[in-house]
Amino acid sequence: MTPIIHTLATIGLKPGISPRTNLIVIRRICRRLCEVREDIYDERHALRRQAEKQRAFLPFTASRVEELKKQASEHRDDELEAIRPVLAGFGRDLLLLDDERLTEALGFDGLCDLLNINPVHREMACRAGHTTIRDLAFVEGLEDSTDRHDPDWKDGPLFSACHAAMMEFIKETPKHLLPDPFAPGGPLYGAPVHMVNPDGTMTLKRPDLTVHDANGSRVVKR
């Protein structure tokens with residue numbers, strides 16, 4: 001654990017800490033963990049690039065190529081293994097959090113301020129009813145949208161924590177117990193799905209469409 005993370009963790013453990021301060025501490029810890037993780041990945045990529053350069057001199061450099069590949073796969077592995085459960089732990093807390101109460105405590109704009117969400121995205125999220133930290137940071141991925149130009153790229157520290165928690169859940173839960181992510185209420189509900197037919201061909205199944213008219217509402221299968 002780096003000194004910065006240790007200091008932040010000490011602040012987060014203080015009794016009587018406010019929801020605002022607690023969220024700031026969690027965000028900063030997750031951001032620092034993500035920064036360390038990216039540094040490790042960058043260093044691993046550098047080792048792999050060295051291995052690729054050595055391939056030009058095969059077969060004389062075969063042992064060196066294998067050595068560099070091994071170094072890349074094991075480089076700072078103990079740190080990565082220590083980061084994963086911490087990020088996932090924060091992610092589980094955020095996914096299970098009674099975040100409507102957090103929104104009530106901070107106010108919608110106060111929560112958006114802490115998540116660094118730009119005004120345009122705030123308005124869109126509010127109209128869609130996405131006002132909780134789970135919706136804003138993970139489902140919509142709007143965290144740090146003020147500093148980000150690509151609206152489709154999700155990489156905020158809280159999003160990364162929730163993603164780590166979801167990956168841990170998928171990895172550790174028996175397949176037959178996993179919920180359907182495409183079912184109503186699931187994270188992928190509404191996304192088109194490619195179905196494999198018995199003859200090996202693929203069929204694109206689009207989500208059911210709810211149609212509203214003078215006769216009421218009905219679901220159209222597509």
Side-chain angles (χ1 to χ4, degrees), residues 12 17-31 34 87-170 173 177-195 204-222:
I17 187 172
S18 70
R20 176 185 175 84
T21 302
N22 186 52
L23 184 57
I24 290 173
V25 167
I26 291 173
R27 278 235 312 154
R28 290 185 177 177
I29 290 176
C30 290
R31 188 182 299 281
C34 290
L87 267 182
F90 281 122
R92 283 194 303 274
D93 290 344
L94 290 168
L95 290 173
L96 299 174
L97 184 68
D98 181 6
D99 48 9
E100 290 185 1
R101 186 175 300 176
L102 181 62
T103 305
E104 184 179 342
L106 298 176
F108 176 70
D109 281 321
L111 179 59
C112 288
D113 286 343
L114 289 182
L115 297 180
N116 196 26
I117 299 174
N118 71 42
V120 174
H121 287 146
R122 294 183 191 196
E123 184 179 345
M124 293 170 59
C126 194
R127 286 203 304 266
H130 296 156
T131 58
T132 67
I133 189 169
R134 187 189 304 117
D135 292 336
L136 295 170
F138 186 56
V139 177
E140 294 297 324
L142 297 178
E143 187 182 11
D144 288 332
S145 64
T146 298
D147 302 326
R148 193 174 67 233
H149 299 292
D150 185 354
D152 297 323
W153 185 252
K154 301 179 181 181
D155 64 349
L158 297 187
F159 173 83
S160 296
C162 292
H163 184 267
M166 179 171 284
M167 291 301 99
E168 180 186 71
F169 174 74
I170 293 173
T173 304
L177 295 179
L178 285 172
D180 182 3
F182 295 94
L188 301 180
Y189 178 65
V193 182
H194 283 89
M195 309 293 291
L204 178 63
K205 183 183 184 305
R206 299 188 181 279
D208 298 339
L209 181 66
T210 302
V211 178
H212 306 278
D213 55 25
N215 297 320
S217 302
R218 65 184 186 279
V219 176
V220 177
K221 300 287 185 180
R222 297 194 293 174

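Not measured: the values here are computed from a predicted model. Scope of the values below: all heavy atoms of this structure, side chains included, with no hydrogens, waters or symmetry mates.
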Compare every heavy atom of [Y] with every heavy atom of [X], then report the nearest pair and how far apart it is.
{"X": "S145", "Y": "I117", "result": "OG-CA, 3.4 Å"}
{"X": "G91", "Y": "A165", "result": "C-CB, 3.7 Å"}
{"X": "L136", "Y": "A125", "result": "CD2-CB, 3.7 Å"}
{"X": "C30", "Y": "A161", "result": "SG-CB, 3.9 Å"}
{"X": "I29", "Y": "F90", "result": "CG2-CE1, 3.6 Å"}

At what distance, to the nearest 0.5 angstrom, does CZ of R20 lie from CG of L111?
-> 10.5 Å
From OG1 (T132) to CD (E104), nearest 0.5 Å =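 T132 OG1 to E104 CD: 13.5 Å, rounded to 0.5 Å.
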Residues L95, R134; criterion side chain to side chain contact (heavy atoms under 4.5 Å, CB included); working and verdict | CA-CA 6 Å; L95 290 173; R134 187 189 304 117; 4.1 Å; yes
Among all residues two or more places apart in sequence or in another chain, which pass the side chain to side chain contact (heavy atoms under 4.5 Å, CB included) test with N116?
->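 N116: side chain to side chain contact (heavy atoms under 4.5 Å, CB included) contacts with R27, D144, T146, D147.
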Between [X] and [Y], is any pair of side-chain heavy atoms under 4.5 Å apart?
{"X": "I24", "Y": "L114", "result": "yes"}
{"X": "C34", "Y": "L87", "result": "yes"}
{"X": "E168", "Y": "R92", "result": "yes"}
{"X": "L106", "Y": "L23", "result": "yes"}

Do other residues, nucleotides or ligands put more than 12 heavy atoms under 6.0 Å from the CE atom of M124?
->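 Check fails, neighbour count at 12 or below.
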Neighbour count >12 (heavy atoms, 6.0 Å) for atom NE2, H130 | yes
With sequence neighbours left out, which residue pairs that include part of residues 108-120 fulfil the salt bridge (Lys or Arg N to Asp or Glu O under 4.0 Å) condition?
->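 Qualifying pairs, neighbours excluded: D109-R122, D113-R122.
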For side chain to side chain contact (heavy atoms under 4.5 Å, CB included), just list the numbers for F138 and L94, CA-CA rounded to whole Å, side-chain angles, deciding distance to a tenth of an Å, and then say yes or no.
-> CA-CA 9 Å; F138 186 56; L94 290 168; over 6 Å; no
Side-chain (E143) to main-chain (F159) donor-acceptor, under 3.5 angstrom =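 The answer is yes, because a donor-acceptor pair under 3.5 Å joins these two groups.
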